[in-house]
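Written out below as structure tokens is the structure these notes cover.
For ligands, and for the atoms within them, numbers begin at 1 and follow the listed sequence. Count residues from 1 along the sequence.
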Amino acid sequence: MSAERIDSDVATIRPDYKDELFEFLKNNSQLDIALGSAFPSPHLFPIADLNRHLASAGRKSPAETVIQNMPPGNEGLRRLIAQRYITEGIAVSHQDIVLTSGAMEALNLSLEAICEPGDTVVIESPAFYGALQAVERLKLKAIEVPVDPITGLCLDSLANALADNDVKACWLMANFQNPTGVSMSDDKKKAVVELAEQHQVYLVEDDVYSELYFGEVKPAPLKLWDRSDRVLLCGSFSKSLCPGYRIGWVVNRALNEKLQKQQMISTLAGSGPIQQGVAHYLQYESYDNHLRKLRKQLAARQSAFITLIKRHFPAQTVVAQPQGGYFLWLELQQSVDTYQIYRHLCQSGISIGYGRLFSSKQQYQNCMRLNISFEQTKPLCEAIIMLGQLITDHSDN
Ligand SMILES: Cc1ncc(COP(=O)(O)O)c(C=O)c1O
């Protein structure tokens, strides 16, 4: 797939981006078939079990604990999260973890702990819109490093960006990148950490999809290769266990206290009862059994989606097949403007993640991100056929 090449100069986020993104996110929560949404289908999760554990944890806790929840957050939950990393061979203590309101808060706190307004950070291109938003909100400058849907992050561009600029941090996704779904090889992960070390740059690692792998082994985060605490590893349960509960975390020892202070002056603390409830679930249920089932369902849905796309979209459509997660990134003919297609589809209650949302400069107009986590009901299949027809109508031949 030919990734659009971009220059590595410092990007500013276009002024209308915030409003456009707000409109898109609001729309997704109201439309019937939200192929543009980043939320997984809520029907994939053990909501009844979770509710039971929330209630059980609540019954066992003295009333005082409802308000005893200052940063870094519930110790039991931090220990359980640390234990999972230890099992993967990553030396994490519960004392290295700050619990947050989803990964979004973890990522933002991380940037705030490292950067001052006016500092330069590296982000990916195409990028998760949360990264673009954070750059704008914190008044940072961004250098965009290309991510190819097949070969992933361009290591040479990253090396050049770090050599030529005073970069404070890089916001990167090593596993199942949003929006392309591509992952870094272990060799590339190691090289990225070495580059960060060489240039004394922090890595803000966005690792929210790594539990959703289709292969045999969970892909490692950049943190596995981190020998000097350069990586701030951000995760959450939003994509793997309980979307909507807003439980995330950041792992870093050296900046732990700074992260806690930053949290206290912004949101004060996470929700104690919810943290207790999730800790109770993890203690008494098999999260791994749930994950095995979830991964199987997602892999099956991905292959069913690809079959439909091959059947109903123009032959020139290029679609990579990520080895995990629940996004497909499609590249269409240059003549196709996916924003126009999005606007058309909205009238029928359907959304897509149109390409320019993932760029500071309105790139990727002919690309789109689709969320494949939904069950293939008749209305969903009809929506995909309608999308294929619209793309055909907008294509040159
Ligand atoms: C790449 C990426 N990072 C972070 C987040 C935010 O995660 P959370 O819902 O846990 O805040 C999302 C959510 O869509 C995401 O796609």
Check this for me - ligand 1, S101, N or O atoms closer than 3.5 angstrom, yes or no?
no
Is there at least one pair of N or O atoms, one from M104 and one from ligand 1, spaced under 3.5 Å apart?
yes
Specify whether W171 and F128 have parallel, tilted or perpendicular ring planes, treating 30° as the upper limit for parallel and 60° as the lower limit for perpendicular.
tilted
How close does the nearest protein non-hydrogen atom get to atom 1 (C) of ligand 1, and which residue and atom is it?
D206 OD2, 3.2 Å
Nearest-0.5 Å distance, CD1 of residue I372 to CG of residue L35:
10.5 Å
Which residue holds the protein heavy atom closest to atom 13 (C) of ligand 1, what is that atom called, and what is the gap in Å?
K239 NZ, 2.7 Å
Who passes ring pair (Phe, Tyr, Trp, His ring centres under 6.0 Å) against Y202, sequence neighbours left out?
none
For atom 4 (C) of ligand 1, the protein heavy atom that lies nearest, with its residue and separation:
F128 CE2, 3.5 Å
Which ligand 1 atoms, with their elements, are less than 4.0 angstrom from a heavy-atom of G102?
10 (O), 11 (O)
On the ring face of F176, is K239 found with NZ or CZ under 6.0 Å from the centre and within 45° of the axis?
no
Report, in ascending order of atom number, the atoms of ligand 1 lying under 4.0 Å from any heavy atom of S238.
8 (P), 9 (O), 10 (O)
Between A103 and ligand 1, which part of the residue brings a heavy atom under 4.0 Å of the ligand: side chain, backbone, both or neither?
both
Between A82 and S93, what is the shortest heavy-atom contact and its length?
CB-C, 3.9 Å
For the pair Y284 and H280, name the ring-plane relationship: parallel under 30°, tilted 30 to 60°, perpendicular over 60°.
tilted
Region of F39 engaging ligand 1 - heavy atom pairs below 4.0 Å
neither
State the NZ-OG1 distance between K218 and T87, to the nearest 0.5 angstrom.
9.5 Å
In the protein, what heavy atom is nearest to atom 16 (O) of ligand 1, and what distance, to one decimal place, separates them?
Y209 OH, 2.6 Å
Note the single closest protein heavy atom to atom 9 (O) of ligand 1, along with its residue, its atom name and the distance in Å.
R246 NH1, 2.8 Å
If you count the atoms of ligand 1 from 1 in the order shown, which ones are under 4.0 Å from a heavy atom of L107?
4 (C)
Taking atom CZ of F214 as the centre, report whether more than 12 heavy atoms of other residues, nucleotides or ligands fall under 6.0 Å from it.
yes
Heavy-atom pairs closer than 4.0 Å: do any link ligand 1 to the side chain of E105, the backbone, both, or neither?
neither
